[in-house]
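Chain letters run A, B, ... following the sequence lines, proteins first, then strands; residues in each count from 1.
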Amino acid sequence: MSRTQLRIAGGTVHDPANEVDGEVRDICVEDGRIVSHLPDGAPSLDARGMIVMPGGVDIHSHLASSSCNHARRLLPEEHSADPAPAPEVREGSGSRSGTGGTVPTTFTTGYRYAGLGYTTAFEAAVAPLMARQSHAELEDTPCLDSGFYVLMGNDEYLLRQIASGEQNRARDYAAWLIGSTGGYAIKIVNPGGIEAWKSGQRNLSGLDDALAGSGVTPRAILETIADAGNDLRLPHPVHIHCNNLGMPGNSAVTLATMQALAGRRAHFTHLQFHSYGGPGWSSGARPVIEYVNSHEEVSVDVGQVMFGPATTITADGPVEYLLHQSSGRKWVNIDIELETGCGIVPLVYKDKAAVSALQWAVGLELFLLSGDPWRVVLSTDHPNGGSFLSYPALIQLLMDRSVRDERLKQVNPKLLAGSPLADGLTREYTLNEIAVVTRAGPARLLGLQQKGHLGPGADADITIYSRDDDIAKMFATPRYVIKGGALVVEEGQLRRAPAGRRIRLQPGYDEAFLPDLRRHFEAYSTVSFENYAVQGISDDPIPLSS
Amino acid sequence: MSPAGRTEHVTCLGCGCGCDDITVAVAEGRIVDASPSCPIGRAWFGDGTLPSEVLRGGRPASVDEAISEAATVLVGAAGRCLVYLAPDLTTQAQRMAVAIADLLRGTVDSATSGTAATGLLAAQRRGRAGATLGEIRNRADALMFWAVDPAQRYPRYLQRYALEPVGTHVPKGRAGRFVIAVSVGAEQALKGADLTLELEPGEEITALSLMRASVQGRSVSSKVSPRLTQAVEIAARLARAKYAVLVHDAESTVEGRDSLRVEALIALTQALNEPTRAALSSLRAGGNRPGAESVLTWQTGYPFAVDYSRGFPRYTPAERGLDRLAGGAFKAVLVVGSPDLEQSAQETLSAVSSLAIGPRASQAAFKTRVAIDTGVAGIHEGGTAYRMDEVPLPLRPPLSGARSTTDTLRALTDAIRRELGRIGA
């Protein structure tokens, strides 16, 4: 970025990746990177009395995809209620107006993330066929370095390889797909279940339920793809949305999935939606988080539910159909050829609704019973559990027991009897733990060596907060946000809106399988093989460590 | 590439099918063959020759002069200008045109509002159950064509997507698909179906309602007319399929078509997802129209009819941009893309300061203050365009050398910024 120097002087620094916990020290920035020293007389920003952290890193968000755009289109009423005039930026190529709601427009998404002190975010679910759209949307999402996860595990070609035991070909295909789409990691959503939904089987619920026809099971899908991700040495292991999302009793399949992959690196996403006891609705958080705590190879993001409006957007088509049936709300389903699905239902989590209250409690239980903040990181599965704009309120619930207990008194207690939260959880997150679950932890889980910390060589993505007894207010309104060395937020106002970089990979693979893949395209795809890969992505892929 | 040679895997935007298997042969700077092709594709590619004029006040001018004039006109009309996204634009050009509207607090509208708005509004009320075209190809074992014969306006739809191909779940191709043709008055469905039904226009919505009721498990009285009884039987046949696809023409070109049709089709398709799986295929015209909707949605939250005059996007779906133009709402209009607008719009466009940037802008049927000829997305310009099912496809232009729309719009944006800076706005 800019050929400039900046000393952030005298702030109280929380940089857990470098074992700095609330020490007063200077942070030096030069040419968009953190450096160890600057000469005397370098420009200085007085941060005395303020809290300095790395810029936030969102490991799981739905912000830029064809599915997000279907959701935007479905919600004109939300957009009308939340107009977003263009911020008054000082330099650069100007700024854009937009609209908000649970699924804001792209420019507004970038500005609002930056306004919260977030400088990196990953779109969590991109159908490969639609990857071009995600790149275009991310180009129009300023202030954020970003990338996306590529949906696999219900794709016809991969299922065929699994059915015929072609593990190596499955791995090569996964590598090819990440490189062709410009993606960063592998995402599995409801392994096998989306194909079941599309082929009339409706869904798969157990790990050993088989897809009619091929006989492929969720277990085989999970094992094959997790191995592929680890064999390819992807910086972020396979990112898994388990079977049975949102169903009572689903903690059993969640635990079974973790056990099936025991010993393999794997990330389990929006764990809250997969941690319910059964057979009726109850909390299943404790056994799930205890498993996570005792297995170093497992990481999770929570997917907290926050009360208020949300929009559920997922490739998990069968879940959205059930949500549409039970809620009566409007519903979009798009089946995406040879690959995956897309379902959307807008809804509201109400504190007086028993299931919403349970979901809220389960998320908090996962956080409060977590034994390792580096492996249990913050998300709301934006906008599924709530908007990213609710992160400050969530942080307050984690840091302030009195606020949490007061809120607990207001929610429908019907399904909370015997739950850990109702029985009393006294833990309060420290500022350093918040810095872990919102920055350092996600960056480490993503394998991003230049993000989530303030050591020399890191990207100069920095958030500076004015201390405030109101934790939610403090985290909602950072005083300064620096992105790649540029002052994006000054005195709480967005002042610059630099373009972000794409964070993507191009893993190597054995090209011997390409003729077979081409034959598959020619037989079944409606897009030419030659037209499939996304071209012209501006940023180079990140090199993979050998 | 030009001036001679062959370009393979070219995407055709002649209709919304987005066939990307075209090989285009060029000789002496002209397209001499495009195959496999269809009548619409052949007409769309033509020989690829275009005028390359730059006009200011109807007289030849330099590009710089024309852009400077356009910027002055648009800035003078800030808050009261219309940016109209006509067909034949890349998605990249559409993004730049919407940015210009935002910068000028203008209004943006597109070809969509005049043709496909009804379906988009219905989907905003209800949602929808859809699929990409490949799902139809690979899964559809029952198809109901509702008042449409795709062969007329979407010539390769049946061959590439809906009827003939062998699919992953339809190994017998056409023989594995049960085809139902429902005609509504003069709107005839395709020929050669396995089952046909002819409805009067006045019966259409009742038929769709009864079909939905029966799919939802309600018993339908035997006292309804024989035609309606047959419609209910068709619904039962669709419900017995493994993957039912309903096909309709989402571009309303027929006077008097019931505006409730599309919403009734959406509702029926959604309901069919209880007993089986079903998707509605909405046929759309070409020139990257769905791209305009997609871009507008991610940049404004709304797919068409967006008004920036208050400094943020507002949705005005009940008032088409061109209708507001006729009502005197705008001082200037920037038409981007192929300026083949409807007759009534051409008269009002001639009465305001009209600027045209796009293929054959210099030959626009309305009077232009500025006209800059540029290339056609997909023939002369690379980038991205959307198929009718909103799958984004790359464009491989077989010809080069035409003035780029995106470069022209970029220059215009810069000129507008300079002009805004000069007047201190």
Is it the backbone or the side chain of [X] that comes under 4.5 Å from a heavy atom of chain A, or both, or neither?
X: B:Thr384; result: side chain
X: B:Arg125; result: backbone
X: B:Glu274; result: both
X: B:Thr269; result: neither
X: B:Val170; result: neither

Heavy-atom proximity to chain B below 4.5 Å, by part of [X]:
X: A:Tyr321; result: side chain
X: A:Ala523; result: backbone
X: A:Glu339; result: neither
X: A:Glu156; result: side chain
X: A:His70; result: side chain
X: A:Ser199; result: both
X: A:Glu320; result: neither
X: A:Arg329; result: neither

Close side-chain approach of [X] to [Y], heavy-atom, < 4.5 Å:
X: A:His79; Y: B:Tyr315; result: no
X: B:Asn138; Y: A:Lys198; result: no
X: A:Glu337; Y: B:Glu135; result: yes
X: B:Leu393; Y: A:Arg132; result: no
X: B:Pro392; Y: A:Met130; result: yes
X: B:Trp298; Y: A:Cys68; result: no

ask   = Is there a side chain to side chain contact (heavy atoms under 4.5 Å, CB included) between B:Glu390 and A:Ser66 once you walk through the steps?
value = CA-CA 8 Å; B:Glu390 298 174 89; A:Ser66 61; over 6 Å; no
request  = Between chain B and each of A:Val527, A:Leu74, A:Thr108, A:Val103, count heavy-atom pairs under 4.5 Å; write down the option with the most.
outcome  =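 Max contact count across the listed options: A:Val527.
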query = With a distance cut-off below 6.0 Å to the six-membered ring centre and an angular limit of 45° from the axis, does B:Arg277 pair with A:Trp197 as a cation-pi contact?
reply =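 B:Arg277 over A:Trp197 ring: yes.
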ask   = Strictly by modelled atom types, are B:Arg387 and A:Thr526 linked by a side-chain donor-acceptor pair under 3.5 Å?
value =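 Checked: B:Arg387/A:Thr526 side chains pair up, N/O donor to acceptor below 3.5 Å.
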query = Do A:Asn69 and B:Thr297 get their side chains close enough for a donor-acceptor pair, meaning under 3.5 Å?
reply = no
ask   = Taking everything shown except A:Lys330 itself, do over 12 heavy atoms lie less than 6.0 Å from its NZ?
value =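 Enclosed: over 12 neighbouring heavy atoms sit under 6.0 Å from NZ of A:Lys330.
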inquiry  = Enumerate the side chain to side chain donor-acceptor pair (under 3.5 Å) contacts for residues 96-105 of chain B, please, sequence neighbours excluded, ordered by first and then second residue.
reply    =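 Matches after skipping sequence neighbours: A:Arg96-B:Asp102, A:Ser97-B:Asp102.
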task = Heavy atoms only, distances under 4.5 angstrom: which of B:Glu8, B:Arg160, B:Arg137 has the most pairs with chain A? Name it, please.
result =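 Looking at each option in turn, the highest pair count goes to B:Arg137.
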Straight-line distance of [X] [atom1] to [Y] [atom2], nearest 0.5 Å:
X: B:Arg396; Y: A:Glu530; atom1: CZ; atom2: CD; answer: 7.0 Å
X: B:Leu280; Y: A:Asn333; atom1: CG; atom2: CG; answer: 12.0 Å
X: A:Trp331; Y: B:Arg126; atom1: CH2; atom2: CZ; answer: 11.0 Å

